[in-house]
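Along the sequence shown, the residues carry numbers beginning at 1.
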Amino acid sequence: MQPVPYHHVAVATGTRHVHVAGQIARDADGRPLAPGDLTGQVAHALRGTAAGLRSAGADFGDVVRLTFYVTDWTPEKIGPFMAGVEQVTEELGLPSPLPPASLIGVGHLFEPDVLVEVEATAVLA
């Protein structure tokens with residue numbers, strides 16, 4: 001099997017589950033960030049995910065599952081996608097490898113400028 005940048009399995013113990021709904025590249029006032037830029041939108045969506053986790057007393061070390069939805073996915077987009085992840089790895093304390101993750105290509109998301117959406121599930125003791 002070829003190595004991937006995420007774990008294939010996560011085993012969690014704990015009783016408190018944290019589910020962070022789809023995060024996108026928007027500022028606090030709902031204005032789009034990094035329009036047309038997949039790298040920038042991945043970074044901003046992960047920052048939003050981190051903020052959601054923090055609000056529940058969690059961080060990326062507690063995450064057991066990440067799901068990424070990317071519009072009009074093609075394999076050529078993996079470079080810009082991973083560049084967005086790498087851009088915030090240190091800033092957000094993303095583990096390496098990432099927790100189990102899925103990258104799902106979709107035709108479109110809820111607004112035409114949204115290129116990526118991130119969901120996270122964490123488990124706390």
Side-chain angles (χ1 to χ4, degrees):
M1 180 185 299
Q2 185 175 359
V4 292
Y6 57 88
H7 287 286
H8 285 269
V9 177
V11 176
T13 58
T15 57
R16 188 162 172 241
H17 289 219
V18 177
H19 298 269
V20 179
Q23 298 298 299
I24 60 171
R26 293 280 197 269
D27 68 13
D29 296 320
R31 290 185 297 258
L33 298 169
D37 174 15
L38 180 60
T39 299
Q41 286 199 21
V42 167
H44 286 298
L46 284 167
R47 287 182 181 113
T49 303
L53 290 166
R54 276 192 307 273
S55 75
D59 61 30
F60 277 103
D62 302 306
V63 171
V64 296
R65 181 86 178 139
L66 287 170
T67 305
F68 297 89
Y69 301 94
V70 181
T71 59
D72 300 317
W73 179 258
T74 62
E76 294 76 28
K77 291 185 177 183
I78 194 66
F81 176 86
M82 289 307 297
V85 172
E86 292 164 9
Q87 189 176 73
V88 294
T89 293
E90 188 174 318
E91 170 190 339
L92 302 178
L94 293 175
S96 180
L98 291 171
S102 293
L103 192 160
I104 301 167
V106 296
H108 60 274
L109 291 162
F110 74 101
E111 290 188 9
D113 65 295
V114 177
L115 304 179
V116 66
E117 186 172 318
V118 181
E119 294 178 342
T121 303
V123 176
L124 302 171

Could you tell me whether a side-chain N or O of [X] sits under 3.5 Å from a main-chain N or O of [Y], the two making a donor and an acceptor?
X	Y	value
Gln41	Ala34	yes
Glu90	Val88	no
Lys77	Val70	no
Glu119	Ala21	no
Thr39	Ala83	no

How far apart are the closest heavy atoms of Leu53 and Val63, and which atoms are they?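 Scanning both residues, the minimum pair turns out to be CD1-CG2, 3.6 Å.
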Looking only at non-hydrogen atoms, find the nearest pair between Phe68 and Leu46 and report the distance.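 Looking at all heavy atoms of both residues, the shortest contact is CE2-CD2, 4.0 Å.
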Is any NZ, NE, NH1 or NH2 atom of the basic residue among Arg47 and Asp27 found under 4.0 Å from an Asp or Glu carboxylate oxygen of the other?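 Salt bridge between Arg47 and Asp27, a charged N being under 4.0 Å from a carboxylate O: no.
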From [atom1] ([X]) to [atom2] ([Y]), nearest 0.5 Å:
X	Y	atom1	atom2	answer
Tyr69	Ser102	OH	OG	8.0 Å
Glu111	Thr71	CD	OG1	13.0 Å
Leu66	Thr49	CG	OG1	7.5 Å
Leu103	Trp73	CG	CH2	4.5 Å
Leu124	Arg16	CG	CZ	5.5 Å

Would one find more than 12 heavy atoms of other residues, nucleotides or ligands at under 6.0 Å from atom NE2 of His108?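 For His108, atom NE2 is not crowded (no more than 12 foreign heavy atoms under 6.0 Å).
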Quick one: side-chain contact (heavy atoms from CB on, under 4.5 Å) partners of Asp59, sequence neighbours excluded?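 Residues passing side-chain contact (heavy atoms from CB on, under 4.5 Å) with Asp59: Asp62.
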Show, in sequence, the C-alpha distance, side-chain angles and deciding distance for Arg26 and Asp113, and conclude whether the salt bridge (Lys or Arg N to Asp or Glu O under 4.0 Å) test is met. CA-CA 10 Å; Arg26 293 280 197 269; Asp113 65 295; 2.7 Å; yes
